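What follows is one structure encoded as structure tokens, with my remarks underneath.
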Amino acid sequence: MIGDRSVEVAADAAALAGRAAARFAEAAETAIAARGQFVVALSGGETPRGTYQRLAREPFASRVSWSRVQVLWGDERCVPPDHAGSNYRMAREALLDWVAVPPANVHRIRGEDDPGAAAAHYEATIRGLLHTPAGPPRTTAGARIDLVLLGLGEEGHTASLFPDSAAVRERVRWVSAEYAAGPAMWRVTLTPPVINAAAEVLFLVSGRAKAEILRRVLEGPDRPGELPAQVIAPSAGSVRWLVDRAAAAELGKGSA
Ligand code: 6PG
């Protein structure tokens, strides 16, 4: 069982997308009112597509001050930015092409480069954005990511932190590159220390195929090496699970 976290169950994938978009907008408004900027790390995979599409439409298109948003990604597959598997491409098509985020505020992971070089380049980008040229991630406002969106893989991975991978145990690097499963390819991912320094982490989980793994992650024994989603526990922030009824189908049914 992981520590304090909130779980909200939405009726279906469409309701989940609406709730996630609303939460994104609230977090953006709070950060922009306080500091003039909102730093968000987007998730890949398919689940957040509906959320991004909602954000691209009213009321969110006008409600969010998009010129004040700095866009990062939690992970990227090592493919070119126009590849169908690119997390950047998905977010661009669903959201970024439709709202006025200045191109200089869009910090994509360079999936077309050598994975190690892309990871090093991305770490330097994030350190610059968060004013932390050296040392561990900081949890002070303005020096941390405001919101990290994450998904959950059917075997318990999140971002590109896969079961039994070195990235799950990484304590020093902010970004790492690894050859990983599902589908097998090189990937670049934020590591646990930088995700866990964030102000807020929001997991989006949808569909019956995720029900068993969601139960294991939230209600089963703590096995973060095996279930990387369990490693996510912000040290000075919050974690919310926004799931739909199908994904929540196995929760609360007893021992894992
Ligand atoms: C990726 C991810 C990954 C994803 C989960 C869930 O690049 O694949 O960021 O961690 O969030 O695999 O993916 P779905 O939303 O497609 O189920």
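First listed ligand is number 1; within each ligand, the first listed atom is number 1. Quick caveat, the model's predicted, so the values are computed rather than measured.
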Donor-acceptor pairs under 3.5 Å, side chain of residues 9-20 to any protein atom, not counting sequence neighbours: which ones?
from	atom 1	to	atom 2	distance (Å)
D12	OD1	A14	N	3.3
D12	OD1	A15	N	2.9
R19	NE	E8	OE2	2.6
R19	NH2	E8	OE1	3.4

task: For residues 199-209, pull every pair meeting salt bridge (Lys or Arg N to Asp or Glu O under 4.0 Å), keeping only residues two or more places apart or in separate chains.
output: R23-E200, E200-R240, R208-E250
query: At what distance, to the nearest 0.5 angstrom, does CD of E226 lie from CG of D164?
result: 7.0 Å
Report each N/O pair between ligand 1 and the protein that falls under 3.5 Å, naming both atoms.
from	atom 1	to	atom 2	distance (Å)
ligand 1	7 (O)	D75	OD2	3.0
ligand 1	7 (O)	R77	NE	2.8
ligand 1	7 (O)	N87	ND2	2.8
ligand 1	8 (O)	R77	NE	3.4
ligand 1	8 (O)	R77	NH2	2.8
ligand 1	8 (O)	R187	NH1	3.4
ligand 1	9 (O)	G44	N	3.3
ligand 1	9 (O)	D75	OD1	2.6
ligand 1	9 (O)	D75	OD2	3.2
ligand 1	10 (O)	H157	NE2	3.3
ligand 1	10 (O)	A159	N	3.2
ligand 1	10 (O)	A159	O	2.6
ligand 1	12 (O)	H157	NE2	2.8
ligand 1	15 (O)	E46	N	3.3
ligand 1	15 (O)	T47	N	2.9
ligand 1	15 (O)	T47	OG1	2.5
ligand 1	16 (O)	E46	N	2.7
ligand 1	17 (O)	K210	NZ	2.6

task: Carefully, step by step, assess S176 and E170 under the rule side-chain hydrogen bond (donor to acceptor under 3.5 Å, both in side chains).
output: CA-CA 8 Å; S176 84; E170 180 62 49; 5.6 Å; no
Any Y88 side-chain heavy atom under 4.5 Å of V106 side chain: yes
message: Which residues pass the salt bridge (Lys or Arg N to Asp or Glu O under 4.0 Å) test with D97, not counting sequence neighbours?
response: R92
